[in-house]
Peer 1: 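Take a look at this one; I'll ask things after.
All heavy atoms count here, side chains included; hydrogens, waters and symmetry mates do not.
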Amino acid sequence: MRHDDPLLSRGNIFRACVYAVVFLVLLEISISVSFLKQGTYRLLKSYEFLKKWDISRFTLILESRNECDWMVNATIKNLQRILDSKCQPVRVCSISPPDLVGQLETYKSAPPYKEMIKLYPLVKPGGRYTPYECISRESVAIIIPFRDREEHLRILLHNLHPILQRQQLDYGIYVIEQTNGTQFNRAMLMNIGYAESIKLYNYTCFIFHDVDLIPENDRIMYDCIGSPRHLSCAVDKFKYRLPYVTLFGGVTAIKREHFEKVNGHSNKFFGWGGEDDDMFRRLVHHGFNISRYPMAMSRYKMIKHRKNAGNRANKKRHNLVSTGKRRYKYDGINKLLYSRLAIEFRQLHTRIIVSINETQVMRIHEKSN
Ligand code: BGN
């Protein structure tokens, strides 16, 4: 190689390299400084545990959270990759999570999804979350039967995600939407939620959740214990009183093995009412006691709404409940007939759209009897 061009002399190349390195170092420093200046220095509670780990550079950027959201999000993504690969937590989560606050001011409205997503950066697509600071004792699927209540769903998600994260749960949120044309079948949608969610992850506990009920206390744990639990005992609409002792509607928690033992819910309840009473009887019939938290704690707010033409009171419900016992064996998760039209892994929940054919569902069970 010839070196007669003065521009390409060794000295010049060396100098150029030095300048480039100095330039890069200065650039790095100025970016960091501007981050710190702009930032509000607000350490987000959920990232606090990261400080303990030796990735202080990332923590520093997170601490100086500022307008550059894209940068923070990009950093969080990197972080998650690092955490996923190397830093597995070693401690099992405590039975009483440390960050619970008790009685809450509930959110009565919610920002549009685009904004809300930014509030819950640690939730993974499909509405999945796993705590990084400890290993959860069980995996919980929150199943929400749904139709035509977009605003309620947004409000519920806005309330639930922060609570479930404080409860240090390994959870996923599944919204099971029934298409128009048939009467709403809440119990069957919950069965479908069970069937679809276990295809995606090994859930060991199910929370069946009405879309219009907002928990007022984060000590109402969304986990499963030795017996099925009725969570929404005290609802504002009923003046925080239990309308009758065998009520099992609203929000319930059931271990997977218990749910399977009773063959899930009945699929026969089209329209409003009775499906929860049938489930209560199923559980008692199989020897379970239903547990509840104290009334002063398990309080919920019900979001107001008008009665819906797609969910008229079911005239057959009294008869179905009184004859239910005959069908427990055949009518449930072992005979689920539906078509899954779509599954969408949205940022804060998994949306599963299904169609149910009432005539077919009723006929199948008649044959089995
Ligand atoms: C009850 C309904 C429940 C409902 C509660 C609270 C019936 C069946 C009668 C045999 N039960 O009356 O499904 O959850 O009210 O709204 O109608």
Side-chain angles (χ1 to χ4, degrees), residues 1-93 97-99 110-136 157-158 161-162 164-166 168-172 345-349:
M1 199 196 269
R2 290 175 54 203
H3 289 286
D4 47 3
D5 185 342
L7 269 178
L8 286 177
S9 71
R10 256 191 217 164
N12 277 350
I13 291 173
F14 177 71
R15 234 169 282 142
C17 289
V18 171
Y19 288 151
V21 169
V22 171
F23 174 76
L24 287 175
V25 169
L26 286 176
L27 186 69
E28 169 81 19
I29 290 173
S30 75
I31 288 175
S32 305
V33 168
S34 75
F35 253 108
L36 294 179
K37 268 193 197 156
Q38 285 179 52
T40 51
Y41 253 111
R42 189 164 52 92
L43 174 62
L44 297 179
K45 190 86 185 131
S46 43
Y47 303 131
E48 215 166 42
F49 66 93
L50 294 175
K51 275 171 97 184
K52 291 173 209 142
W53 296 355
D54 191 21
I55 35 181
S56 47
R57 200 184 117 79
F58 289 103
T59 318
L60 186 68
I61 295 174
L62 284 173
E63 275 185 81
S64 62
R65 191 179 165 96
N66 52 34
E67 311 321 318
C68 307
D69 258 352
W70 64 270
M71 186 69 151
V72 174
N73 283 338
T75 313
I76 289 167
K77 268 195 192 132
N78 276 338
L79 253 181
Q80 283 185 342
R81 217 168 293 137
I82 292 170
L83 299 183
D84 286 343
S85 60
K86 288 193 206 130
C87 310
Q88 296 299 329
V90 286
R91 195 170 43 83
V92 173
C93 300
D99 287 340
Y113 280 114
K114 250 185 164 176
E115 302 298 315
M116 201 155 67
I117 286 165
K118 293 186 200 154
L119 302 174
Y120 307 113
L122 296 179
V123 176
K124 292 181 191 157
R128 284 279 294 115
Y129 175 84
T130 308
Y132 289 113
E133 66 276 30
C134 54
I135 302 163
S136 297
L157 293 173
H158 191 28
H161 277 297
L164 300 175
Q165 289 180 21
R166 285 203 296 279
Q168 299 182 318
L169 299 170
D170 175 18
Y171 70 85
F345 297 95
R346 301 197 185 175
Q347 192 56 39
L348 298 178
H349 63 285

Peer 1: How many angstroms lie between OH in Y19 and CG in L24, if you round to the nearest 0.5 Å?
Peer 2: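 So the gap between those two atoms works out to 15.0 Å.
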
Peer 1: Less than 4.5 Å apart, any side-chain heavy atom of P111 and any of L119?
Peer 2: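 Contact flag for P111/L119 side chains = yes.
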
Peer 1: Is there side-chain contact between L122 and Y129, with heavy atoms separated by less than 4.5 Å?
Peer 2: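 L122 reaches Y129 side chain to side chain.
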
Peer 1: Can you tell me how far apart CG (N12) and CZ (R10) are? Round to the nearest 0.5 Å.
Peer 2: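 Here the rounded value is 13.0 Å.
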
Peer 1: Of the non-hydrogen atoms in F345 and P125, which two are nearest, and what is the gap between them?
Peer 2: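 Between these two residues, the closest heavy atoms are O-CB, 4.4 Å.
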
Peer 1: Between CG of D170 and OG1 of T130, what distance do you get to the nearest 0.5 Å?
Peer 2: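 Interatomic distance, D170 CG to T130 OG1, rounded to 0.5 Å: 4.0 Å.
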
Peer 1: Looking only at heavy atoms, what is the nearest atom pair of Q168 and S136, with distance?
Peer 2: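 Taking Q168 first and S136 second, the nearest heavy atoms are O-OG, 3.0 Å.
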
Peer 1: So, for H161 and Y171, is the gap between ring centers shorter than 6.0 Å?
Peer 2: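 Centroid separation for H161 and Y171: below 6.0 Å.
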
Peer 1: Any side-chain heavy atom of Q165 sitting closer than 4.5 Å to one from P131?
Peer 2: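 The answer is no; the side chains never approach within 4.5 Å.
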
Peer 1: Which pair of heavy atoms, one from L157 and one from H349, lies closest together, and at what distance?
Peer 2: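 Nearest pair, atom of L157 first, then H349: CD1-ND1, 3.5 Å.
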
Peer 1: Main chain of V123, side chain of Q347: is a donor-acceptor contact present, judged purely on distance under 3.5 Å?
Peer 2: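 Such a contact is found between Q347 side chain and V123 backbone.
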
